[in-house]
Enquirer: 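Can you read through this structure? Questions will come right after.
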Number of protein chains: 2
Amino acid sequence: MQGREALKKIPLLSPLTDAQLSKILSASLEKLYNAGSVIFTPEDRAEGFYILKEGKVKIFKTQRGKEQIIRIFSEPAFFGEAASFTGCKFPAWAEAIEKSKIIFIPRKAFISILKEDPDISLKFMSVMANRLLYLTNLIESLSLKSALSKVASYILRNQKNGKLIFKTNLAALELGLTKETVSRMLSKLKSLEAIEKEGNTIKVKNFQLLRELE
Amino acid sequence: MQGREALKKIPLLSPLTDAQLSKILSASLEKLYNAGSVIFTPEDRAEGFYILKEGKVKIFKTQRGKEQIIRIFSEPAFFGEAASFTGCKFPAWAEAIEKSKIIFIPRKAFISILKEDPDISLKFMSVMANRLLYLTNLIESLSLKSALSKVASYILRNQKNGKLIFKTNLAALELGLTKETVSRMLSKLKSLEAIEKEGNTIKVKNFQLLRELE
DNA sequence: CGCATCTTTGAAACTTATCAATCAGAGTGG
DNA sequence: CCACTCTGATTGATAAGTTTCAAAGATGCG
């Protein structure tokens, strides 16, 4: 079964037996989302959680036409689990930012697995612990850092081998800044020779400087 | 045993058997903290978590002399559980803001209980889910709200029967503002006749207006 | 009652947002 | 292969919101 393979790729679910996976799968629902389509809104009651099998999703809040990205998930990942756990409404929006294949797991199937398998519960808790950590760091960034250091740490966080593909608009939404400000900070980093830019690819030229600015 | 009673007051731990509680207690360590004393720092490895039996604690981040409160806990509550779970360093500072009695539970005892009792695990997860929700809302507030609406929603959140004791400095630290700004916003709310102030007690005069400003 | 602490208020400075215009690059159709 | 358009990035000028610094005013505690 193709679905089972996808589920096994999720670290959280890999220890499940085939029987357990089948049970989850039989209750689950796979759906395809185009870039820009909404997966859930804060109006929706959380009747289950979502496995991102393919694609990219952003979780975000809005208020007065402003937007703040809480987190971006790339495959493989899952999201909506906290709200699904409490069974209340989602606290935020979820939207595909790339064409995405997403499996929906209803609350019941999910909870029953958790009850059966203490190992999964522990893994699950460690995932939630990591989410908490992530949000704590986001709060620190939003509240204590200047625009320049936000951008510097964004680059450090997302870079791989000193390179990253940079979308000004997306970074702005994550960092709680405007695209103009992000662009300006980028120029500053260029003039400080901390980075180089070509098209939308950024190369880190001076890691230490970036870390000092962070 | 006095300690057991205190533990039973924590909703999370109430379903534990006496044997389980004894096991936890025997490994635990109770300590008294004065207002202002540090409980843990981001340097400390999380070897366990803390039960707040009596008093009040703030969890916060600092950077360049600035401070952002992540959360304030009043008895009965527990904290440090996410970091303790992963076993890494704490992501933030914890400091008593009132004289506090705190029980420390080592990681091992805690994990073994979780493994034994799936019911506790579930409760635990629901607590963590709530923490995630709380942080999500904090992020929204920090990033999307104006100073005035931060203060308005702070009042709404903390008021009881239209009243609350307000400490400007504490509110500022929670809201990511300076005390001066908070004070100014309070004056504005007074002049709008949304609230009244006497000493450090605030009375809500116009709930609807506050909600509109929120 | 007096001292220390917290709050309020004012003026100036700073950071970031906003608005507007220009520029660069990718893809499209002639 | 070259305009052409569309989208996203950059830059500049200005505005708004919040912080900072300083001083004066309340408040509470010993």
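Chain identifiers are assigned alphabetically (A, B, ...) following the order of the sequence lines, protein sequences preceding nucleic acid strands; residue numbering begins at 1 within each chain. The structure presented is a predicted model; accordingly, all values stated were derived computationally and were not measured.
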Enquirer: Which is true for A/Thr178 with a 4.0 Å heavy-atom rule: it touches a base, it touches only sugar-phosphate, or it touches nothing?
Expert: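 Answer is base: heavy atoms of A/Thr178 come under 4.0 Å of a base.
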
Enquirer: Please report, rounded to the nearest Å, how far the P atom of C/dT7 is from the CD1 atom of B/Ile195.
Expert: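 Those two atoms, CD1 and P, are 14 Å apart.
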
Enquirer: For residues 55-63 of chain B, which side-chain N or O atoms pair as donor and acceptor with protein atoms under 3.5 Å away, sequence neighbours left out?
Expert:
{"unit_1": "B/Lys58", "atom_1": "NZ", "unit_2": "B/Glu67", "atom_2": "OE2", "d": "2.8"}
{"unit_1": "B/Lys61", "atom_1": "NZ", "unit_2": "A/Asn137", "atom_2": "OD1", "d": "2.9"}
{"unit_1": "B/Lys61", "atom_1": "NZ", "unit_2": "A/Glu140", "atom_2": "OE1", "d": "3.0"}
{"unit_1": "B/Lys61", "atom_1": "NZ", "unit_2": "B/Pro91", "atom_2": "O", "d": "2.8"}
{"unit_1": "B/Thr62", "atom_1": "OG1", "unit_2": "B/Trp93", "atom_2": "NE1", "d": "3.3"}
{"unit_1": "B/Gln63", "atom_1": "NE2", "unit_2": "A/Glu140", "atom_2": "OE2", "d": "2.8"}

Enquirer: Could you tell me how far apart B/Leu173 (CG) and C/dC6 (P) are, to the nearest whole angstrom?
Expert: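 Rounding to the nearest Å, CG of B/Leu173 and P of C/dC6 are 12 Å apart.
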
Enquirer: For the helix from C/dC1-D/dG30 to C/dG30-D/dC1, figure out the bend between the end axes, five pairs an end, and round to 10 degrees.
Expert: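 Answer rounded to 10°: the end axes differ by 30°.
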
Enquirer: What is the distance, rounded to the nearest whole Å, between atom CG of A/Leu175 and atom C1' of C/dT16?
Expert: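 So the two atoms are 13 Å apart, to the nearest Å.
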
Enquirer: Go through DNA chain D in 5' to 3' direction and return only the first and the last nucleotide with some atom under 4.0 Å of chain A's heavy atoms.
Expert: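 Using the under 4.0 Å cut-off, the span is D/dA9 to D/dA13.
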
Enquirer: Give the rounded distance in Å between these two atoms: CD1 of B/Ile165 and P of C/dT7.
Expert: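 It works out to 13 Å between those atoms.
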
Enquirer: Start with the C-alpha gap between B/Phe110 and B/Phe49, add the side-chain angles, then the distance that decides, and say whether ring-ring contact (aromatic ring centres under 6.0 Å, His included) holds.
Expert: CA-CA 8 Å; B/Phe110 163 50; B/Phe49 78 107; 4.6 Å; yes

Enquirer: Between B/Glu198 (CD) and C/dT8 (P), how many Å, whole number?
Expert: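 It is 13 Å, rounded to the nearest whole Å.
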
Enquirer: Could you check which residues of residues 138-146 of chain B get a heavy atom under 4.0 Å from DNA chain C? Sort them by number, please.
Expert: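 Here the set is empty: none.
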
Enquirer: Report all interatomic pairs (protein N or O, nucleotide N or O of nucleotides 19-25 of chain C) with separations under 3.5 Å.
Expert:
{"unit_1": "C/dC19", "atom_1": "N4", "unit_2": "A/Glu180", "atom_2": "OE2", "d": "3.4"}

Enquirer: Whole angstroms only, please: what is the CG-C1' distance between B/Leu189 and C/dT8?
Expert: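 B/Leu189 atom CG is separated from C/dT8 atom C1' by 15 Å.
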
Enquirer: Using a cut-off of less than 4.0 Å, is there contact between a side-chain N or O of B/Ser183 and OP1 or OP2 of C/dT7?
Expert: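 Answer no for this pair, as no side-chain N or O of B/Ser183 is under 4.0 Å from OP1 or OP2.
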
Enquirer: Please determine whether ring-ring contact (aromatic ring centres under 6.0 Å, His included) holds for the pair B/Phe124 and B/Phe78, giving the CA-CA distance in whole Å, both sets of side-chain angles, and the decisive distance to 0.1 Å.
Expert: CA-CA 11 Å; B/Phe124 214 81; B/Phe78 54 95; 5.7 Å; yes

Enquirer: Which part of the nucleic acid does A/Lys197 contact within heavy-atom distance under 4.0 Å: base, sugar-phosphate only, or nothing?
Expert: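 Sugar-phosphate: the residue A/Lys197, judged by heavy atoms under 4.0 Å, touches backbone atoms but no base.
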
Enquirer: Please collect all salt bridge (charged side-chain N to carboxylate O under 4.0 Å, His left out) contacts where either partner lies in residues 70-89 of chain B, sequence neighbours excluded, each pair once.
Expert: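 Listed by first then second residue: B/Glu81-B/Arg131.
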
Enquirer: Verify whether one side chain among A/Ser153 and A/Glu214 offers a donor that lies under 3.5 Å from an acceptor in the other.
Expert: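 A/Ser153 vs A/Glu214: no donor-acceptor pair found between side chains.
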
Enquirer: What nucleic acid atoms does B/Thr168 come within less than 4.0 Å of, heavy atoms only: base, sugar-phosphate, or nothing?
Expert: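 Counting heavy atoms under 4.0 Å across all strands, the contact made by B/Thr168 is with sugar-phosphate only.
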
Enquirer: Can you tell me how far the CG atom of B/Asn130 sits from the OG1 atom of A/Thr86, to the nearest 0.5 Å?
Expert: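 Result: 6.5 Å between the selected atoms.
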
Enquirer: Take the protein atom NZ of A/Lys66 and the nucleotide atom C1' of C/dA17, then report the distance between them rounded to whole Å.
Expert: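 Atom NZ in A/Lys66 sits about 8 Å away from atom C1' in C/dA17.
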
Enquirer: Do B/Arg45 and B/Ser84 meet the criterion of a side-chain donor-acceptor pair at a distance under 3.5 Å?
Expert: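 Side-chain D/A pair, B/Arg45 to B/Ser84: absent.
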
Enquirer: Quick one: label B/Asn169 by what it contacts on the DNA or RNA (base, sugar-phosphate, nothing), any heavy atom closer than 4.0 Å.
Expert: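 Touches sugar-phosphate only.
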
Enquirer: Quick one: is C/dT15 close enough that its OP1 or OP2 comes under 4.0 Å of any side-chain N or O from A/Thr181?
Expert: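 Result: no.
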
Enquirer: Going by the angle between their ring planes, with limits at 30° and 60°, are A/Phe40 and A/Phe90 parallel, tilted or perpendicular?
Expert: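 Ring orientation of A/Phe40 relative to A/Phe90: parallel.
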
Enquirer: Could you tell me how far apart B/Lys188 (NZ) and C/dT8 (P) are, to the nearest whole angstrom?
Expert: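 In whole Å, C/dT8 P and B/Lys188 NZ are 15 Å from each other.
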
